[in-house]
Amino acid sequence: VQLQASGGGLVQAGGSLRLSCAASGRTVSSYDVGWFRQAPGKEREFVAAISWTGGSPYYTDSVKGRFTISRDNAKDTVYLQMDSLVVEDTAVYHCAADSSYNRVVNGDARYWGQGTQVTVSS
């Protein structure tokens, strides 16, 4: 499975962005998918995950109530809707997929996509 994240950009604090994770080469509809981010000088951080059925959404505490993960298996795409963005959300965002939900959440997913830059200005 080849994954490509898109939708990043520059936004003011309080604004919104929607990231997309599209699959090619093989469908992602049967995989659990997660979003991760890495800010300059920091380790990669788990953000959110969703099961292959679209259930079991799980978020890191810092984004709960602001970010929403969803998927459209007909379009072979997973989304991350980011609202009420803050400067601390600035990072490169990656999506990842695996047949194991736990491996996704733990950052051990088999498939990773190139990231998309999100920059939040104050």
So CZ of Arg110 and CZ of Arg103: to nearest 0.5 Å the spacing works out to 9.0 Å
To the nearest 0.5 Å, atom SG of Cys95 lies from atom CD1 of Ile69 at 9.5 Å
### Query
So, does Arg37 use its side chain to make a donor-acceptor pair with the main chain of Val118 at under 3.5 Å?
no
Applying salt bridge (charged side-chain N to carboxylate O under 4.0 Å, His left out) to Arg66 and not counting sequence neighbours gives Asp89
Is there a donor-acceptor pair closer than 3.5 Å between any side-chain N or O of Asn106 and the backbone N or O of Asp108? no
>> Just so I know, are the side chains of Thr68 and Tyr59 near enough to count as touching, which here means a heavy-atom distance under 4.5 Å?
In response: yes
Only residue of Val78, Val63, Thr60 satisfying side-chain contact (heavy atoms from CB on, under 4.5 Å) with Trp35 is Val78
Any chain of hydrophobic side-chain contacts (each under 4.5 Å) joining Val120 to Met82?
yes
Taking atom types as modelled, find out whether Asp76 and Thr27 have a side-chain donor-acceptor pair closer than 3.5 angstrom. yes
Mark yes or no for whether Arg71, through its side chain, and Asp32, through its backbone, hold a donor-acceptor pair below 3.5 Å.
no
Discussion item. Let me check something: do Leu80 and Leu85 share a hydrophobic cluster, defined by ILVMFWY side-chain heavy atoms less than 4.5 Å apart, either directly or through other members?
Written reply: yes
When rounded to the nearest 0.5 Å, the distance separating OG of Ser99 from OH of Tyr31 is 6.5 Å
Next on the checklist: Please say yes or no: joined through hydrophobic side-chain contacts below 4.5 Å, possibly via intermediate residues, are Val1 and Trp112 part of one cluster?
Outcome noted: no
| Without hydrogens or angle criteria, can the side chains of Ser16 and Asp83 be said to hold a donor-acceptor pair below 3.5 Å? | yes
Heavy-atom nearest pair, Gly55 first then Ile50, reads O-CG1, 3.6 Å
* Among the clusters formed by ILVMFWY side chains lying less than 4.5 Å apart, do Tyr111 and Val47 turn up in the same one? -> yes
Query - Ser29 side chain vs Asn73 backbone, donor-acceptor pair below 3.5 Å - result: no
Taken to the nearest 0.5 Å, the spacing of Tyr101 OH from Tyr58 OH works out to 8.0 Å
| said: Does Gln114 have more than 12 heavy atoms from other residues, nucleotides or ligands lying within 6.0 Å of its CD? | reply: no
Verify the cluster assignment for Val33 and Leu17: are they in a single hydrophobic cluster under the rule of side-chain heavy atoms below 4.5 Å apart? yes
Shortest non-hydrogen pair, Lys75 vs Thr77, comes out as O-OG1, 2.8 Å
Rounded to the nearest 0.5 angstrom, the CD-CG distance for Gln81 and Leu19 is 9.0 Å
| Does Gly107 offer a backbone N or O that forms a donor-acceptor pair with the side chain of Arg44 under 3.5 Å? | yes
So OG of Ser20 and CG of Leu3: to nearest 0.5 Å the spacing works out to 12.5 Å
When every non-hydrogen atom of Ala23 is compared with those of Val28, the smallest separation belongs to CB-CB, 3.6 Å
Minimal heavy-atom distance between Ala91 and Ala39, with the atoms involved, is CB-N, 3.8 Å
